Amino acid sequence: MNIDLVIHNTLSNKKEKFEPIEDGYVGMYVCGPTVYSDVHLGNCRTFVSFDIIYRYLKYLGYKVRYVRNITDVGHLEGDVDTGAEDKISKKARLEKLEPMEVVQQYTVGFHDIMRILNTEAPSIEPRATGHIIEQIEMVQAIIDNGFAYEKNGSVYFDTIKFAKDKDVYGQLSGRILEDLMVETRELNNQSEKNNPADFAIWIKADESHIMRWNSPWSVGFPGWHLECSAMSTKYLGKTFDIHGGGNDLKFPHHENEIAQNFGACGCQPANYWLHTNMLLMNGKKMSKSIDPETGVSNSITPQELFTGNNPNISKAFSPMVIRFFMLQSHYRSTLDLTDAALVAAEKGYRRLMEANKVLQNFAAIENGAAGDLDKEINLLIDKTHSEMSHDFNTPMAMARLFELVPKVNGLKEGHLSFSDLTTDTLDRLKQVFSDYIYTIFGLKDELDSASSGNSSMDGLMQLVIELRQGARENKDWPTSDKIRDTLAELEIQLKDGKEGTSWSKI
RNA sequence: GGUCGCGUGGCCGAGUGGUUAGGCAGAGCUCUGCAAAAGCUUGUACGGCGGUUCGAAUCCGUCCGCGACCUCCA
């Protein structure tokens, strides 16, 4: 495709033309979840956003190696200096499980949700515990290069020396080292770090710590930031194209990751850094604490969303409606999840999918004249592509599809004429809908109203519809309306159209 | 307190200084036995105050309000 892809790079805070290191190939690393509890809906937004990016890069013809890790060790709760505990270990201790049982349970749960949301699996999904050797080697390399020091079996990254040597620390997050030193000085003065801005890359394990490995420095475990540096380097090389993650990982996680890569390899790990914004709920960051006024917590899990079992929503919403909802905002903007917004998304989703069905069922046409309608449709299609290529602007691309919907319906209803279209344009229109809806946006036809997928149910409904039709032909309105109203109580809606009656579950 | 970002019509949400974002809701119409569903058409906007410009939702200043990060977080 002859379109320049423009990407907003957090590193420069500018939109830049995307140019891969190797023509035709893209290496992309995205920070995955820490599997110590059920996946949070906010995580889902990030992974759906990168799924769209992955899909679009492939659509543009790139061969993409997409690496997304699973963090199963090293992610601490609290501060290292004041007795922090590994999140996985803590969960294992509380539930009397092996740490790897915790990891397995939540990894499976995570994959289930990702599959339900129709995200494609990454090319490689490496785990931190599977790359302890690589992480130890990286620690050693950083020590050898003089950017880390050992204290009592733990190894710390020497942030001050690094900042003096290479002028990159703070570039990504916009942080100034002097400020960081001042801010954190009071918090931990009994630390064994040389400087409060230093961070642990290898941590000596105390007796209570169950996840531990041998290393040249101590029996211990790697620091959280290290796994991404080690695994991205292993699978994508010292410098690769795209590194992504949630906004809240910018600092300290990504900043420290860059420092580690420089420390070990002497170079910037990724040319383009992409950060997704937060998902809010009712205007606020999701939180599990209970609001004293309403008695309701401002949070929701994917499962609750799919079942409607949460006080913040009025009904269940299907996975594709959630995906559609996410597509309607840009990945770098916050997105506010409200019941009304989801209801709106559901209707919009249905309208788009219905129009697509109508479009794909159009029969082949005689080649018509390339008039105004033809031009208008081609212009909208061109815009769809160019806007999507402008920093993956899904809401704009989506808006163009919605502008094409009345054209499709107009052709179907007959007030627009196929004779104003060339066969090429109709084919192109079919192609762009199918490409965007299925291939790029990753939506599925889950609300297909014509059928329940259950043959006895379908047969039964066919019978009921025929009986009602008979009553209607006899102008027996009480019988006809009784059938309609009773079905409505059973949450089945009848839709009387020109070509007969169809039904769907409400 | 420090750093960064945001304030767009009833709601959600795009916007790359200059011609309609889009979705939902509302209104009108078509279809219908009546409805529903579906389709078509359509009104309402850029937090306040200054400034730059021929022209500002978009750039600058300022004030007000909100949020994120700085501690685990996607």
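No experiment lies behind these values; they were computed from the predicted model shown. In what follows, chains carry the letters A, B, and so on, assigned in the order in which the sequence lines appear, proteins first and then strands, with residues in each chain numbered from 1.
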(request) Looking only at side-chain atoms of A/Ser329, point me to the closest of B/rA74, B/rG13, B/rC70. (result) B/rG13
(message) Going by purine N1 to pyrimidine N3 plus the second Watson-Crick contact, or the G-U wobble pair, all under 3.5 Å, which nucleotide sits opposite B/rC11?
(response) B/rG23
(message) If you go through the side-chain atoms of A/Asn13, does one of them form a donor-acceptor pair with the base of B/rG5 closer than 3.5 Å?
(response) no
(request) Would you mind telling me which of B/rG22, B/rA74, B/rU20 lies closest to the side-chain atoms of A/Lys383? (result) B/rU20
(message) With no hydrogens and no angle check, just 3.5 Å: does a side-chain donor-acceptor pair link A/Asn69 and A/Thr71?
(response) yes
(request) Using the C1' atom as the reference point in each nucleotide, state the distance between B/rU62 and B/rC70 in Å, no decimals. (result) 26 Å
(message) At 4.0 Å (heavy atoms only), tell me whether A/Leu41 reaches a base, stays on the sugar-phosphate, or touches nothing.
(response) nothing
(message) Taking the side chain as everything from C-beta on, heavy atoms only, tell me whether A/Ile52 gets closer than 4.5 Å to A/Met326.
(response) no
(message) Between P on B/rA35 and CH2 on A/Trp503, what's the gap in Å once rounded to a whole number?
(response) 26 Å
(message) Between the side chains of A/Lys357 and A/Asp445, is the shortest nitrogen-to-carboxylate-oxygen separation below 4.0 Å, so that they form an ion pair?
(response) no
(request) Could you tell me the separation between the CG atom of A/Leu494 and the P atom of B/rC34, rounded to a whole number of Å? (result) 17 Å
(message) What's the closest nucleotide to the side chain of A/Phe402 if the choices are B/rA37, B/rG23, B/rG33?
(response) B/rG23
(request) Round to the nearest Å and state the distance from A/His254 atom NE2 to B/rC4 atom P. (result) 20 Å
(message) Could you check, using the six-membered ring where one of them is a Trp, whether A/Phe317 and A/Phe325 have ring centers closer than 6.0 angstrom?
(response) no
(message) With rounding to the closest Å, how many angstrom separate the P atoms on B/rG22 and B/rC66?
(response) 32 Å
(request) Grab the CD1-P distance between A/Ile203 and B/rC72 for me, whole Å please. (result) 11 Å
(message) Could you identify the nucleotide paired to B/rC59, looking across every strand shown and requiring Watson-Crick or G-U wobble geometry with both distances under 3.5 Å?
(response) B/rG51
(request) May I ask you to verify if any side-chain N or O of A/Asn247 is less than 4.0 angstrom from the OP1 or OP2 atom of B/rG5? (result) no
(request) Starting from P on B/rC12, measure out to CG on A/Leu280 and report it in whole angstrom. (result) 11 Å
(message) Of the options B/rC12, B/rC40, B/rA21, whose atoms approach the side-chain atoms of A/Phe325 most closely?
(response) B/rC12
(request) Check whether the side chains of A/Arg68 and A/Thr119 place a donor and an acceptor atom closer than 3.5 Å, and report yes or no. (result) no
(message) Can you tell me if A/Lys347 touches the phosphate of B/rG23, counting only side-chain N or O atoms and a distance under 4.0 Å to OP1 or OP2?
(response) no
(request) Please give the nucleotide sitting opposite B/rG39 as a Watson-Crick or G-U wobble pair, both distances under 3.5 Å, or none. (result) B/rC29
(request) Please tell me which of the listed nucleotides, B/rC69, B/rG13, B/rG22, lies nearest to the side chain of A/Pro395? (result) B/rG13
(message) By the 4.0 Å heavy-atom rule, please label A/Gly42 as base, sugar-phosphate, or nothing.
(response) base
(message) Given B/rG39, B/rA36, B/rA74, identify the nucleotide with an atom nearest to the side chain of A/Gln493.
(response) B/rA36
(message) If you only use heavy atoms from C-beta on, which nucleotide in B/rA21, B/rA74, B/rC70 is closest to the side chain of A/Arg400?
(response) B/rA21
(request) Report the residue (A/Val405 or A/Ala345) whose heavy-atom-nearest nucleotide on RNA chain B is the more 5′ of the two. (result) A/Ala345
(request) Mind running side chain to side chain contact (heavy atoms under 4.5 Å, CB included) on A/Leu274 and A/Met28 for me, showing each step along the way? (result) CA-CA 10 Å; A/Leu274 273 65; A/Met28 176 163 89; over 6 Å; no
(request) Mark yes or no for a side-chain to base donor-acceptor pair under 3.5 Å between A/Arg484 and B/rC34, with no hydrogen or angle criteria applied. (result) yes
(message) In this structure, how many angstroms lie between the P atom of B/rA14 and the CG atom of A/Leu401, rounded?
(response) 17 Å
(request) Would you kindly check whether a donor in the side chain of A/Thr334 faces an acceptor in the base of B/rG5, or vice versa, at under 3.5 angstrom? (result) no
(message) As a test of reading the structure: which of B/rC40, B/rA36, B/rU32 is closest to the side chain of A/Arg472, going by heavy atoms?
(response) B/rU32
(message) Rounded to whole Å, how long is the line connecting atom CG of A/Leu335 with atom P of B/rG67?
(response) 17 Å
(message) According to a cutoff of under 5.5 Å between the ring centres and under 30° between the ring planes, does A/His415 stack with the base of B/rC40?
(response) no
(request) Compare the minimum distances between each of B/rG13, B/rG33, B/rC69 and the side chain of A/Ser480, then state the nucleotide with the smallest one. (result) B/rG33
(message) What I want to check is whether the side chains of A/Gln360 and A/Ser434 have a donor and an acceptor closer together than 3.5 Å.
(response) no
(message) Both A/Lys250 and A/Pro406 contact RNA chain B. Taking the nearest nucleotide for each, which residue is further toward the 5' end?
(response) A/Lys250
(message) Does A/Asp496 contact B/rA35 through a side-chain donor or acceptor facing the base, at a distance under 3.5 Å?
(response) yes
(request) Compare the minimum distances between each of B/rG22, B/rC70, B/rA74 and the side chain of A/Thr46, then state the nucleotide with the smallest one. (result) B/rA74
(message) What contact category does A/Met278 fall into here, base, sugar-phosphate, or nothing, at under 4.0 angstrom with non-hydrogen atoms?
(response) base
(request) Measure from CG on A/Asn43 to C1' on B/rA74 and round the result to the nearest Å. (result) 5 Å
(request) Determine, step by step, whether A/Lys383 and A/Glu403 satisfy the salt bridge (Lys or Arg N to Asp or Glu O under 4.0 Å) criterion, reporting the C-alpha distance in whole Å, the side-chain angles of both residues, the deciding distance to 0.1 Å, and the verdict. (result) CA-CA 11 Å; A/Lys383 277 188 177 177; A/Glu403 286 186 76; 5.9 Å; no
(request) Determine the contact category for A/Ala341: base if any of its heavy atoms lies under 4.0 Å from a base atom, sugar-phosphate if only primed atoms, P, OP1 or OP2 are that close, otherwise nothing. (result) sugar-phosphate
(message) Checking base pairs now: Watson-Crick or wobble, both atom distances under 3.5 Å. What partners B/rU44?
(response) none
(message) Under a 3.5 Å threshold, yes or no: a donor from one side chain and an acceptor from the other, between A/Ser389 and A/Tyr56?
(response) yes
(request) Look at the side-chain N and O atoms of A/Asn393 and state whether any lies under 4.0 Å from the OP1 or OP2 oxygen of B/rG15. (result) yes
(message) Just to be sure I understand the rule, does A/His253 reach a base, reach only the sugar-phosphate, or reach nothing, if contact means heavy atoms closer than 4.0 Å?
(response) nothing
(request) Taking only the side-chain nitrogens and oxygens of A/Arg351, find out if one of them lies under 4.0 Å from OP1 or OP2 of B/rG39. (result) yes
(message) Counting only Watson-Crick pairs (N1-N3 plus N6-O4 or O6-N4) and G-U wobbles (N1-O2, O6-N3), all under 3.5 Å, who is the partner of B/rG67?
(response) B/rC4
